[in-house]
Structure formats: C-alpha cells, structure tokens
Amino acid sequence: MGEKIAITIDEKTFDGVLNGTETAQTVAGILPVETEPSFWGEEIYFGIPVEIDQNEEPEEAVEVGDLAYWPDGHSLCIFFGPTPNSEDEDSSPRPASPVTVIGKLEADVTPLKDLDPWSVGEVRVEKGAQERV
C-alpha cells in the first residue's frame, strides 16, 4: 500500500492513496499543496511544483477515481467521469494527452459531480487521511 493523502475541495475531503511509482513519490515530496483548480469535463486539474517532462508509464485512458500526473501541464489530475476526449458520456475518462497514474481516490467520487466549476476556490492536497466527524 502506498502513501495516504487527503484532497479537500470546497470543504469536502476525499481520501486517496498514492502508488509506488517514482512520479507518485516525487509528488508526495512536495505536499502539502494548495492551489486553484481548473476543470476539463469531469476532471479537476491543477499545477503543482513538480517538473517531470515525460510519463513514467503513459496512459491514454484512465478510470474514475484515478489520480494522475500530467507532464504537459505539470499538473495533478483527478478523474471523476467523462472528459471531452471520452468516446461518449458513459465511457472512461480520457486525458487531454498521456498521463502517469499515481494513485486512486478511496472515496466515492459522486460529490465531485455536484461541484460548480466556476465557484470552486481552492484545492488542498496533503499527506495522511483526514479524520471524519
């Protein structure tokens, strides 16, 4: 099992786990990070201070709940449904260009579908699972 992380978006926290890739370990090393997100279909992505120019294990299709590093934008991506590159609205998320999958959300992604992309303020990613009240 990899390193546990917590991602907070609009006061909702989602636990995740990073995998054993070198890219995941590099991302873990810069946490915590807090930044403004962008949306691309049902993908949230945001720049992080990691500059890896090539994918470790390039993926052109990912699964709902996957966390990935996108070298083209030096960004962390959270996939929670179809993206503009998906084949149809019921298909798997497809990134804009290949990514390295670095982990997975361990929580239900359904609340992410209720976010208003125009009103989300900041995303915070930190090490460790968060306690729920």
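Side chains included, hydrogens not; waters and symmetry mates left out as well; all remaining heavy atoms used.
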*Asks:* State plainly whether one hydrophobic cluster holds both V101 and V17, where clusters connect Ile, Leu, Val, Met, Phe, Trp and Tyr through side-chain heavy atoms under 4.5 angstrom apart.
*Replies:*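 The answer is no; the residues belong to distinct hydrophobic clusters.
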
*Asks:* Tell me whether V64 shares a hydrophobic cluster with F39, the cluster being built from Ile, Leu, Val, Met, Phe, Trp, Tyr side chains joined at under 4.5 Å.
*Replies:*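 Same cluster: V64 reaches F39 through Ile, Leu, Val, Met, Phe, Trp or Tyr contacts under 4.5 Å.
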
*Asks:* Are the side chains of K113 and F80 in touch, meaning some heavy atoms are under 4.5 Å apart?
*Replies:*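 Yes, close enough: below the 4.5 Å cut-off.
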
*Asks:* Hydrophobic cluster mates of W118, side-chain heavy atoms under 4.5 angstrom, ILVMFWY only, any path?
*Replies:*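 ILVMFWY cluster around W118 holds nothing else.
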
*Asks:* Just how far is it from atom SG of C77 to atom CG of L67, taken to the nearest 0.5 Å?
*Replies:*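 One finds 9.5 Å between SG of C77 and CG of L67.
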
*Asks:* Do F46 and I78 touch side chain to side chain, with heavy atoms closer than 4.5 Å?
*Replies:*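 F46 reaches I78 side chain to side chain.
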
*Asks:* Looking at CD of E122 and CD of E34, how far apart are the two atoms once the value is rounded to the nearest 0.5 Å?
*Replies:*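 The distance works out to 4.0 Å.
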
*Asks:* Step by step, work out the salt bridge (charged side-chain N to carboxylate O under 4.0 Å, His left out) result for R124 and E126.
*Replies:* CA-CA 7 Å; R124 179 171 175 81; E126 57 195 318; 3.5 Å; yes

*Asks:* Counting C-beta onward and ignoring hydrogens, is there a side-chain heavy-atom pair between E3 and K127 closer than 4.5 Å?
*Replies:*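 With C-beta onward as the side chain, the pair touches.
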
*Asks:* Determine whether F14 and V62 fall in the same hydrophobic cluster, where Ile, Leu, Val, Met, Phe, Trp and Tyr are linked whenever their side-chain heavy atoms lie under 4.5 Å apart.
*Replies:*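 In one cluster with F14: V62, no.
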
*Asks:* Compute whether any side-chain donor of one residue and acceptor of the other, for T8 and T13, lie under 3.5 angstrom apart.
*Replies:*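 Distance-only check passes for T8 and T13.
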
*Asks:* Atom CG of L115 and atom CD1 of I9: how far apart are they, to the nearest 0.5 Å?
*Replies:*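 Going from the CG atom of L115 to the CD1 atom of I9 covers 6.0 Å.
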
*Asks:* Which distance, rounded to the nearest 0.5 Å, do you find between the OG of S119 and the CG of D10?
*Replies:*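 Separation between the atoms: 5.5 Å.
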
*Asks:* Does E56 reach the main-chain N or O of T23 with its side chain, forming a donor-acceptor pair under 3.5 Å?
*Replies:*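 Checking the backbone N and O of T23 against the side chain of E56, a donor-acceptor pair under 3.5 Å is found.
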
*Asks:* Do the side chains of D53 and H74 get nearer than 4.5 Å, heavy atoms only?
*Replies:*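 Counting from C-beta outward, H74 and D53 do come under 4.5 Å.
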
*Asks:* Taking E106 first and then K104, would you say they form a salt bridge - that is, a charged N and a carboxylate O separated by under 4.0 Å?
*Replies:*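 Looking at K104 together with E106, the answer is no, because their closest N to O distance does not fall below 4.0 Å.
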
*Asks:* Using modelled atom types only, decide if a donor and an acceptor are shared between the side chain of N55 and the backbone of T100 within a distance under 3.5 Å.
*Replies:*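 The answer is yes, because a donor-acceptor pair under 3.5 Å joins these two groups.
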
*Asks:* Would a distance-only check, ignoring hydrogens and angles, find a side-chain to backbone donor-acceptor pair under 3.5 Å from Y69 to V50?
*Replies:*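 Side chain of Y69 to backbone of V50: a pair is present.
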
*Asks:* State, to 0.1 Å, how close W70 and S97 come at their nearest heavy-atom pair, and which atoms those are.
*Replies:*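 Looks like NE1-OG, 2.7 Å.
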
*Asks:* Are Y45 and I7 linked, directly or through other ILVMFWY residues, by side chains that come within less than 4.5 angstrom of each other?
*Replies:*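 Y45 does not cluster with I7.
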
*Asks:* Could you check if a side-chain atom of D15 sits within less than 4.5 angstrom of a side-chain atom of I5, using non-hydrogen atoms only?
*Replies:*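 They are not in side-chain contact.
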
*Asks:* Can you get from F79 to V123 by hopping between Ile, Leu, Val, Met, Phe, Trp and Tyr side chains that sit under 4.5 Å apart?
*Replies:*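 Different clusters: F79 never reaches V123 through Ile, Leu, Val, Met, Phe, Trp or Tyr contacts under 4.5 Å.
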
*Asks:* How about T83 and E43: does a side-chain donor come under 3.5 Å of a side-chain acceptor?
*Replies:*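 Short answer, no.
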
*Asks:* For the backbone of P95 and the side chain of N85, can you confirm whether one donor and one acceptor N or O come within less than 3.5 Å of each other?
*Replies:*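 Yes: the side chain of N85 pairs with the backbone of P95.
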
*Asks:* So which heavy atom on P49 is nearest to which on V33, and how close?
*Replies:*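 The answer is CD-CG2, 4.1 Å.
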
*Asks:* Side chains of E57 and T21, heavy atoms from C-beta outward: is any pair under 4.5 Å?
*Replies:*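 Yes, side chains in contact.
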
*Asks:* Would you say that P37 contacts I44 through its side chain, given a criterion of any heavy-atom pair below 4.5 Å between the two side chains?
*Replies:*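 A side-chain contact under 4.5 Å exists here.
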
*Asks:* Does E22, at its CD atom, have more than 12 non-hydrogen atoms belonging to other residues, nucleotides or ligands within less than 6.0 Å?
*Replies:*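 No, the 6.0 Å shell around CD holds no more than 12 heavy atoms from other groups.
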
*Asks:* Do the non-hydrogen side-chain atoms of P32 and V125 ever get within less than 4.5 Å of each other?
*Replies:*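 In short, these two side chains do not touch, never coming nearer than 4.5 Å.
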
